[in-house]
Novice: 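Below you'll find the structure I mean.
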Amino acid sequence: MANETTLTKPAAEEAAAAEHTRSGRFYRPHVDILEQPDELLVMADVPGARGDRIDVKFEDGSLSIHAEVDPRQSDDREYLLREYGVGDFYRTFRVSEAVDAGKISAEYADGVLTLHLPKAEAVRPRKIAVKTE
Amino acid sequence: MVFRYRNTRHPMHQLRDEMDRLLTGFLGQPSGGPWPGVGRGHPAVNLWEDADAMIVELEVPGVKKDQIDISVVGDELSLKIERPDPTPEDVTYHRRERPVGAFGRVLRLPADVDAGRVEAELSDGVLTITLPKAENAKPRKIEVVSA
């Protein structure tokens, strides 16, 4: 019995626009996005996901993360407390920085997905040496 | 605010959980949000039971097992979880939503726990704690003896 008021994870609104073959609810993972001199670092909380079932896409400056999470309990489980729901995570971002798409890498550990988006050479900060005569 | 869990099925347990507030929560976690009463300083839990045990599940992404402290006394489960802030130097945050810091929670369980047999498992950021019921708390089938 899914009850909206007991959920702690916000639902992913963006997911409605995309096509998915699985039904059910999507959750919006909490993310940190850090800008470092040479890359953007995205860390997303996707607890319960398995590394081989996380789909990361980067297309036309849009980054999408979809982590499949199977139910851990049967539908008819009765809860004494049910403060969060379990389901897929989905979220998309616009990435305005120029990113070298071919060099994006991802790792997954302990329920956290980490994406490295290296900046394209052209936009990396460059230190210009000033010559003195 | 007493009825934070008004949508759970067992009203008996709703009031038993108020000790939570005694402990501090996620530092820096914004309060409020679309669902009042949750996400406000303590980790969300799911709790269910079967005949032999109560099971508590939490989502603790990024937390290592040595950052989790679990203790049980009687029917009370105390959880302390530490999620360090690994902020590297020289960065600019574009989004910062993942909670960091120390947080804790005390849960009153519906039955006494056999503390010696509690097991906890951490897998892909999901912590599952199995709390076997104390012998005196288990349901017992009473045979009717005919005279």
Side-chain angles (χ1 to χ4, degrees), chain A residues 1-11 27-51 53-54 67 69 72-74 76-86 89 91 93-97 108-114 117 125, chain B residues 4-10 12-14 16-17 29 33-40 42-50 54-65 67 83 85-100 107 109-110 122-128:
Chain A
M1 182 169 121
N3 203 324
E4 293 206 348
T5 50
T6 58
L7 300 173
T8 60
K9 296 186 281 190
Y27 295 93
R28 192 165 179 258
H30 287 135
V31 301
D32 287 350
I33 302 181
L34 289 71
E35 181 163 355
Q36 288 172 308
D38 54 347
E39 66 174 10
L40 287 175
L41 194 62
V42 178
M43 286 178 285
D45 285 346
V46 290
R50 289 212 335 246
R53 292 178 57 198
I54 298 175
V69 180
R72 295 190 282 270
Q73 298 296 316
S74 65
D76 55 2
R77 163 72 66 203
E78 292 200 23
Y79 291 87
L80 301 176
L81 279 177
R82 189 177 193 183
E83 297 175 355
Y84 63 88
V86 173
F89 289 97
R91 190 154 177 189
F93 304 91
R94 298 292 310 172
V95 180
S96 51
E97 287 279 345
Y108 179 68
D110 302 327
V112 179
L113 174 70
T114 305
L117 286 72
Chain B
R4 273 185 303 159
Y5 308 122
R6 59 181 169 270
N7 292 294
T8 55
R9 288 188 177 195
H10 295 254
M12 282 295 289
H13 302 299
Q14 291 167 359
R16 304 189 69 183
D17 204 34
Q29 169 99 328
W35 295 286
V38 291
R40 184 184 296 184
H42 57 236
V45 303
N46 283 346
L47 165 65
W48 64 93
E49 66 176 338
D50 57 28
M54 295 157 288
I55 296 101
V56 172
E57 189 196 78
L58 299 86
E59 293 184 332
V60 290
V63 173
K64 308 278 183 202
K65 65 181 182 185
Q67 294 162 342
R83 185 154 128 158
D85 180 3
T87 309
E89 305 270 311
D90 195 20
V91 299
T92 312
Y93 274 96
H94 291 270
R95 296 266 198 298
R96 192 167 196 184
E97 303 166 355
R98 299 165 67 234
V100 292
L107 280 176
L109 300 166
L122 182 62
S123 167
D124 288 331
V126 177
L127 175 66
T128 309

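Just so you know, these numbers use all the heavy atoms, side chains as well, and skip hydrogens, waters and symmetry mates. Residue numbers start from 1 in every chain, and the chains themselves are labelled A, B, ... in the order their sequence lines are given, proteins ahead of strands.
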Novice: Where does B:Leu58 contact chain A at under 4.5 Å (heavy atoms): side chain, backbone, both or neither?
Specialist: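 Only the backbone of B:Leu58 comes within 4.5 Å of chain A.
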Novice: Partners of B:Asp85 by side-chain hydrogen bond (donor to acceptor under 3.5 Å, both in side chains), sequence neighbours excluded?
Specialist: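 Partners of B:Asp85 by the side-chain hydrogen bond (donor to acceptor under 3.5 Å, both in side chains) criterion, ordered by chain and then number, come out as B:Thr87, B:Arg96.
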Novice: Just give me the residue among A:Val112, A:Ile33, A:Val46 that pairs up with chain B most often, heavy atom to heavy atom, under 4.5 Å.
Specialist: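 Of A:Val112, A:Ile33, A:Val46, A:Ile33 has the most heavy-atom pairs under 4.5 Å with chain B.
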Novice: Is it true that a side-chain atom of A:Gln36 and a backbone atom of B:Val91 form a donor plus acceptor pair closer than 3.5 Å?
Specialist: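 No: the side chain of A:Gln36 does not pair with the backbone of B:Val91.
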Novice: Where is the tightest heavy-atom contact between A:His30 and B:Pro99, given as atom of each residue plus distance?
Specialist: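 Closest approach of A:His30 to B:Pro99: ND1-CD, 4.4 Å.
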Novice: How many angstroms lie between CZ in B:Arg95 and CD in A:Glu35, if you round to the nearest 0.5 Å?
Specialist: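 That separation rounds to 12.5 Å.
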Novice: Please round to the nearest 0.5 Å and tell me the distance separating atom CE of B:Met54 and atom CG of A:Leu80.
Specialist: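 Here the interatomic distance stands at 9.0 Å.
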Novice: Would you mind telling me which of A:Gly51, A:Gly48, A:Ala109 has the largest number of heavy-atom pairs within less than 4.5 Å of chain B?
Specialist: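 Heavy-atom pair counts peak at A:Gly48.
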Novice: Verify, without hydrogens or angle tests, whether A:Asp45 (side chain) and B:Pro61 (backbone) share a donor-acceptor contact under 3.5 angstrom.
Specialist: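 Here the side-chain-to-backbone pair does not exist.
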Novice: Between A:Arg50 and B:Asp124, does at least one N-O distance fall below 4.0 Å, as a salt bridge requires?
Specialist: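 Looking at B:Asp124 together with A:Arg50, the answer is no, because their closest N to O distance does not fall below 4.0 Å.
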Novice: Indicate yes or no: at least one non-hydrogen side-chain atom of A:Arg72 is less than 4.5 angstrom from one of B:Asn46.
Specialist: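 Side-chain contact under 4.5 Å: no.
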Novice: From B:His94 NE2 over to A:Phe93 CZ, what is the distance, rounded to the nearest 0.5 angstrom?
Specialist: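 Taking NE2 in B:His94 and CZ in A:Phe93, the distance rounds to 12.0 Å.
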Novice: Charged N to carboxylate O below 4.0 Å: is that the case for A:Arg91 and B:Glu97?
Specialist: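 Looking at A:Arg91 and B:Glu97, the cut-off is met.
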